[in-house]
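What follows is a short report on a single structure.
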Amino acid sequence: MDYKSFLVKPGSKVKISDFDPDNIDGYSDRAAAKEKIRENEQKLSDLQYKLYSEGRQSLLIVLQAMDAGGKDGTIKHVLAAMNPQSCRVQSFKAPNPVEAAHDFLWRIHHNAPKKGEVVIFNRSHYEDVLVVRVHDLVPKEVWSQRYELINDFEKLLAANGTRIVKLFLNISKEEQLKRFLSRLGDRAKTWKISDGDYKERQYWDKYMAAFEDTLSKCSKEHAPWYVIPSNHKWFRDLLVSEILVKTMESMAMKLPQATVDLAVVKQLAEQELRKCSDKKLVAAELPKLLGEKPVKVPKAEKAPKKAAKDKKK
Ligand code: AMP
Ligand code: MG
């Protein structure tokens with residue numbers, strides 16, 4: 001799969017209508033993607049282990065989408081492959097009074113990943129050039145300066161060892177309606193329905209224009225935007241897993257060297273093992289320590305089996 005064909009080339013002018021939300025890139029169906037997704041999940045798990053143990057870099061995944069675009073489902077899939085020990089999801093709602101009293105990046109910077117960590121932003125600083133712009137929550141003079149501020153901010157994170165991957169989950173307006181309707185018919189999902197869902201649909205075109213500017217102005221080498229065709233959830237999961245694997249592979253992480261003198265520790269281990277009463281453990285482990293072939297446990301020590309034979313007679 002050529003995951004780079006979904007990348008917004010830095011400096012290009014984006015038109016959302018050029019991106020087909022139904023695209024499945026030659027795959028036939030969910031079943032065809034299943035094996036590849038599993039393979040990628042295993043790779044992601046290994047890569048995250050390396051990132052964590054290396055402790056020198058971090059990964060920030062930014063998720064943006066229209067309502068019902070699949071942010072929650074994507075997070076569930078990405079996280080399924082990761083160890084919660086060093087992975088975190090950070091959701092951003094409308095700013096609370098303290099957040100609103102600061103600059104728009106204040107709450108974001110505070111939640112950026114630390115070294116060794118993977119952080120997923122469920123919405124992000126991009127809301128400040130999306131919903132804020134669509135609803136005129138601040139004057140144009142204010143939001144229009146934010147693209148540059150965002151680029152500078154992300155440059156700062158990147159310079160500090162944070163790899164940034166930004167994913168726009170692209171669904172069609174019809175698919176959104178379909179998903180809203182399915183929430184109405186699914187008791188497990190009615191809690192997700194919000195008053196604004198249908199009202200917000202009248203601003204669809206304004207949102208698309210805001211996304212077009214965001215993608216055009218803020219896709220950078222060190223912090224690229226990808227447009228993920230997301231009408232088919234399985235394809236979305238496949239592509240996201242592929243992008244994350246390729247991104248993390250390019251981070252050239254290395255497992256750290258041992259911090260102790262392994263020769264000394266081996267001697268200590270040998271001493272302890274020789275004192276150990278579990279003969280099976282000794283027979284299996286001692287040769288490994290000494291760099292020899294394992295010895296077979298002498299027959300005399302397999303006494304319990306004989307007792308079982310006696311019973312049969
Ligand atoms: P949800 O993610 O569905 O729980 O909704 C969160 C809501 O918070 C969405 O309607 C966002 O548009 C809104 N939101 C997030 N960040 C901001 C922001 N900076 N300014 C205004 N609204 C925001
Ligand atoms: Mg919502």
Side-chain angles (χ1 to χ4, degrees), residues 34-61 74-90 110-120 157-165 237 240-313:
K34 213 168 147 189
E35 188 52 34
K36 185 77 183 151
I37 293 176
R38 252 219 328 258
E39 203 179 287
N40 279 345
E41 282 179 353
Q42 184 54 52
K43 284 186 186 170
L44 269 183
S45 169
D46 296 344
L47 286 160
Q48 189 215 1
Y49 180 77
K50 269 192 175 170
L51 181 81
Y52 173 63
S53 45
E54 183 196 56
R56 296 178 56 183
Q57 307 177 68
S58 58
L59 179 68
L60 173 60
I61 304 162
T74 305
I75 290 169
K76 193 168 128 191
H77 268 87
V78 172
L79 279 186
M82 302 246 177
N83 180 346
Q85 174 104 309
S86 56
C87 185
R88 177 162 58 86
V89 180
Q90 184 63 48
H110 179 67
N111 281 295
K114 60 186 180 189
K115 291 188 194 304
E117 203 178 27
V118 175
V119 170
I120 305 173
L157 297 188
N160 197 43
T162 300
R163 191 60 78 92
I164 306 168
V165 180
D237 293 338
V240 168
S241 72
E242 185 74 9
I243 289 169
L244 295 181
V245 164
K246 290 293 187 307
T247 301
M248 290 185 89
E249 279 176 350
S250 75
M251 290 168 79
M253 296 161 305
K254 289 193 193 78
L255 285 175
Q257 294 294 330
T259 54
V260 294
D261 185 338
L262 290 180
V264 173
V265 175
K266 268 189 186 171
Q267 278 179 6
L268 292 172
E270 186 187 337
Q271 282 168 22
E272 277 311 296
L273 203 52
R274 287 190 189 282
K275 285 189 263 174
C276 178
S277 59
D278 183 342
K279 298 294 175 230
K280 260 192 172 170
L281 180 70
V282 177
E285 296 297 328
L286 194 56
K288 285 191 217 161
L289 270 180
L290 302 174
E292 295 167 356
K293 277 192 178 166
V295 285
K296 281 197 172 164
V297 182
K299 272 199 174 141
E301 283 168 34
K302 292 186 175 172
K305 274 198 175 166
K306 193 170 172 279
K309 258 188 195 170
D310 290 344
K311 220 179 174 185
K312 265 191 196 168
K313 277 180 197 168

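Positions are given from 1, in the same order as the sequence printed here. If you're wondering where the values come from, they're calculated on a predicted model, not measured in any experiment.
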Is a donor on one side and an acceptor on the other found under 3.5 Å between the side chain of Lys115 and the backbone of Asn160?
yes
State which residue, out of Glu242, Glu249, Met248, fulfils the side chain to side chain contact (heavy atoms under 4.5 Å, CB included) condition with Val245.
Glu249
Any chance you could measure Asp261, atom CG, to Gln267, atom CD, to the nearest 0.5 Å?
8.5 Å
So does Glu39 pair up with Lys36, basic N to acidic O under 4.0 Å?
yes
Determine whether Lys275 and Glu272 satisfy the following criterion, salt bridge (Lys or Arg N to Asp or Glu O under 4.0 Å), listing intermediate values before the conclusion.
CA-CA 5 Å; Lys275 285 189 263 174; Glu272 277 311 296; 3.0 Å; yes
In this structure, NZ of Lys43 is separated from CG of Asp46 (nearest 0.5 Å) by 10.0 Å
Side-chain heavy atoms of Arg56 within contact of Met253, under 4.5 Å:
no
If you compare all heavy atoms of Ser58 against all heavy atoms of Lys114, which two are closest, and at what distance to 0.1 Å?
CB-O, 3.3 Å
Looking only at heavy atoms, which two atoms of Ser241 and Ile37 are closest? And how far apart?
OG-CA, 4.5 Å
Might you point out which heavy atoms bring Val282 and Pro287 nearest each other, and give the distance in Å?
O-CD, 3.8 Å
How far apart are the closest heavy atoms of Ser86 and Gly116, and which atoms are they?
CB-O, 3.8 Å
Can you tell me how far apart CG (Leu47) and OG1 (Thr247) are? Round to the nearest 0.5 Å.
10.0 Å
Evaluate Tyr52 against Val118 for side-chain contact (heavy atoms from CB on, under 4.5 Å), listing each step before the verdict.
CA-CA 9 Å; Tyr52 173 63; Val118 175; over 6 Å; no
Looking at CG of Leu244 and NZ of Lys246, how far apart are the two atoms once the value is rounded to the nearest 0.5 Å?
11.5 Å
With distance as the sole test, does Gln90 use its side chain to make a donor-acceptor pair with the main-chain N or O of Val119 at under 3.5 Å?
no
Return the CG to NZ distance between Leu286 and Lys288, rounded to the nearest 0.5 Å.
11.0 Å
Lys266 and Glu270 ion-paired at < 4.0 Å:
no
Heavy-atom pair of closest approach, residues Leu59 and Pro113:
O-CG, 3.8 Å
Roughly how far, to the nearest 0.5 Å, is the CD atom of Glu285 from the CG atom of Asp278?
10.0 Å
Quick one: does Gln57's side chain have a donor or acceptor within less than 3.5 Å of a partner on Met251's backbone?
yes
Close side-chain approach of Leu281 and Leu273, heavy atoms under 4.5 Å
yes
Arg88 side-chain N/O to Asn111 backbone N/O, donor-acceptor pair under 3.5 Å
yes
Contact check, side chains of Leu79 and Ile120, non-hydrogen atoms, under 4.5 Å:
yes
